[in-house]
Visitor: 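Have a look at this one before I ask anything.
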Amino acid sequence: MVVIEARNIRKSYGNLQVLHDVDLSVREGEVLGLIGPSGSGKSTLLRILDLIEPPSGGELSIFGVNTVEEYSRWLDLRRRMGMLFQRPIVFNASVYDNVAMGLRYRGTPRAEIDRRVKEALEAVGLSRYIRSRATDLSGGEQQRVALSRVLVTDPEILILDEPTANLDPGSTATIEAIVMRMNREEGMTVLISTHDLMQGQRLAHRVAVMIEGTVTQVGPPREIFYEPKDQKIARFVGVQNIIPGQVIAREGGLTTVEVKERRLVSVTPPPAEEVAVAIRGEDISLHRREPGYEEAENLFPARVTSIEPIAPFVNVTVDCGCDLVALVTARRVEALGLRAGMEVWVSLQAKAVHLIPRED
Ligand code: ADP
C-alpha cells in the first residue's frame, strides 16, 4: 500500500522555484532514502510531505487522503506522522518534560503519558537521563531526546531530515540502529533524507535521488549506484569514470562502444548512438600480467599514469587508449608493486560498463 503519493509537486519561494514536478511514492513499511546534493530541495520536499508547508502546485495524498481537497483533515494526518530535523530541538527543561510535551498537547491522561515517556526513552537508550536537563546533554543525546519525542506519539510514518548530519560516527550509528529497529519491529514507514551516500545505501530499501529540485531516479540502492540513469546522478553517486563514447555494434546482448582509442563491451542496451560510459572505479581490476582465468569480457593491457592515495583507497589512473581510474586498496597497490609508467592488465566485466545518454 502506498502511504504517501506525491505528483507534480512544485514549490517556489518568490521567484525562486525550488521544486519542479516532483513525483514520489512511499510504500507502507519501507525505508525510503532521499539522497541528493545540498540545496537540491530535500528538506523542502520533506516539509511539504509532513504537511508543515503547502506545495505551490501538484497533488499530494497521504494515507489515501487528498490533502488539497480535504485540507480540513490536515491535523488528523499530521498526527499520524512524526518528523525529526537535522538540528535537535530540545527545550530548557527535563528530558522527561521534553518527551512528554507532544502527549500533553494532545490531552493524553497523565498515567499514560508517564508510561509512554518511559517507554520512548527506553527505546532510545536514555532512561538514565530522565531527570536531566535536556540542554545539558551532548549533541548526539539531544538528538535522541528529539527522536524520543517523535516516537512517543507512535507515528505511522517517521520522516527524518538529515538526522545525523551534525553527529559523530558513534551517535550516528545509534540513531540509525533505533530507526531501523522501529522499522523492523513496529513496521514504521521511514522516509530519511541524507547527503551521505553510504547512509542511504546502508539503511534504505529504496533510494530516491533528488537533483536540482526534482526526483530523477527511484530504485533499490544497487540500481542507483550501479545503474544511474544519467550523468548527473552518476556523478552524485560517485562514479569515477564517466566518459563519452560512440556505439559501434550491438550483437548477442552486448554493446560495443568506442571510447577514444579503446573498445569496451557493455551489457546495457544503447540509449543512443552517442553515449557516456559510466564505470565505477572499484569494478576495474588491475593485474601484473595477462590473467588466464578471468571471465571478464573486457581484458586489455594498459600503462599506469598516476597513483593518488585517497585513504583508505588509492585512485590508480591507467591509459588503455582512454584513461580509466581504478579504485584499489592500498594493500593491493603494494602487492602489485604499482608505480607510474608500469605496464599492467585491466579486466572489466561487461556488466560493469554502464551506458547512459551523453549530456550536451
Ligand atoms: P536540501 O535539503 O537538499 O539541502 P533545501 O530544500 O534546504 O535543500 O533547499 C533547496 C533550495 O531552496 C535552496 O536553494 C534554498 O536556499 C531554498 N530554500 C529553502 N527554503 C527556503 C525558504 N523558506 N525561502 C527561500 N528559499 C528557500
Side-chain angles (χ1 to χ4, degrees), residues 4-26 30-60 62 67-68 71 74 78 81-89 139-140 142-143 146-147 150 155 157-168 171-172 175-176 179 189-219 221 224-225 228-239:
I4 299 181
E5 179 91 63
R7 288 284 158 254
N8 297 319
I9 295 290
R10 294 185 298 282
K11 181 73 184 180
S12 299
Y13 294 109
N15 287 332
L16 179 70
Q17 191 172 359
V18 172
L19 298 181
H20 307 265
D21 298 317
V22 174
D23 288 341
L24 189 68
S25 303
V26 183
E30 77 171 337
V31 177
L32 180 67
L34 183 63
I35 64 171
S38 285
S40 56
K42 302 183 295 298
S43 297
T44 305
L45 178 62
L46 293 185
R47 287 196 305 271
I48 290 172
L49 300 185
D50 192 44
L51 303 176
I52 295 174
E53 268 189 77
S56 313
E59 289 164 36
L60 174 60
I62 294 179
T67 63
V68 180
Y71 190 73
W74 165 86
R78 274 221 70 198
M81 303 189 276
M83 184 153 170
L84 183 69
F85 299 90
Q86 180 173 336
R87 267 182 251 290
I89 302 170
Q142 290 189 11
Q143 189 63 315
L147 178 57
V150 176
I157 304 176
L158 178 60
I159 300 181
L160 307 140
D161 186 8
E162 305 233 13
T164 60
N166 296 322
L167 303 185
D168 59 274
S171 303
T172 298
I175 297 272
E176 287 182 0
V179 170
T189 304
V190 176
L191 175 54
I192 177 171
S193 77
T194 177
H195 62 257
D196 176 354
L197 290 174
M198 292 303 133
Q199 186 171 56
Q201 214 165 358
R202 257 195 317 273
L203 306 185
H205 301 130
R206 290 194 308 145
V207 169
V209 188
M210 187 143 205
I211 308 259
E212 293 167 8
T214 197
V215 170
T216 51
Q217 188 171 359
V218 186
I224 303 293
F225 289 88
K229 252 174 53 184
D230 63 36
Q231 291 191 213
K232 282 181 181 145
I233 302 170
R235 271 195 294 276
F236 178 68
V237 299
V239 175

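Every number for a ligand or one of its atoms is a count from 1 in the order of the listing.
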Visitor: Tell me whether Asp21 is salt-bridged to Arg10, with the criterion being a basic N under 4.0 Å from an acidic carboxylate O.
Guide: yes
Visitor: Given side chain to side chain donor-acceptor pair (under 3.5 Å), test Thr164 with Gln199 step by step and report yes or no.
Guide: CA-CA 10 Å; Thr164 60; Gln199 186 171 56; 3.0 Å; yes
Visitor: Quick one: do the Thr194 and Glu162 side chains pair a donor with an acceptor below 3.5 Å?
Guide: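 Glu162 and Thr194 do not have a side-chain donor-acceptor pair below 3.5 Å.
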Visitor: Restricting to side-chain contact (heavy atoms from CB on, under 4.5 Å), what partner residues turn up for Gln201, sequence neighbours left out?
Guide: Met198, Pro221, Phe225
Visitor: Which parts of the protein, at residue level, reach under 4.0 Å of ligand 1 through a heavy atom?
Guide: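 Within the 4.0 Å shell of ligand 1, which is judged on heavy atoms, sit Tyr13, Val18, Pro37, Ser38, Gly39, Ser40, Gly41, Lys42, Ser43, Thr44, Arg47.
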Visitor: Please identify each residue that fulfils side-chain contact (heavy atoms from CB on, under 4.5 Å) with Arg87, with sequence neighbours left out.
Guide: Asn166
Visitor: Going by the rule side-chain contact (heavy atoms from CB on, under 4.5 Å), which residues pair with Arg47 if we only count those two or more places apart in sequence or in a different chain?
Guide: Tyr13, Ser43, Thr44, Ile52, Glu53, Met83
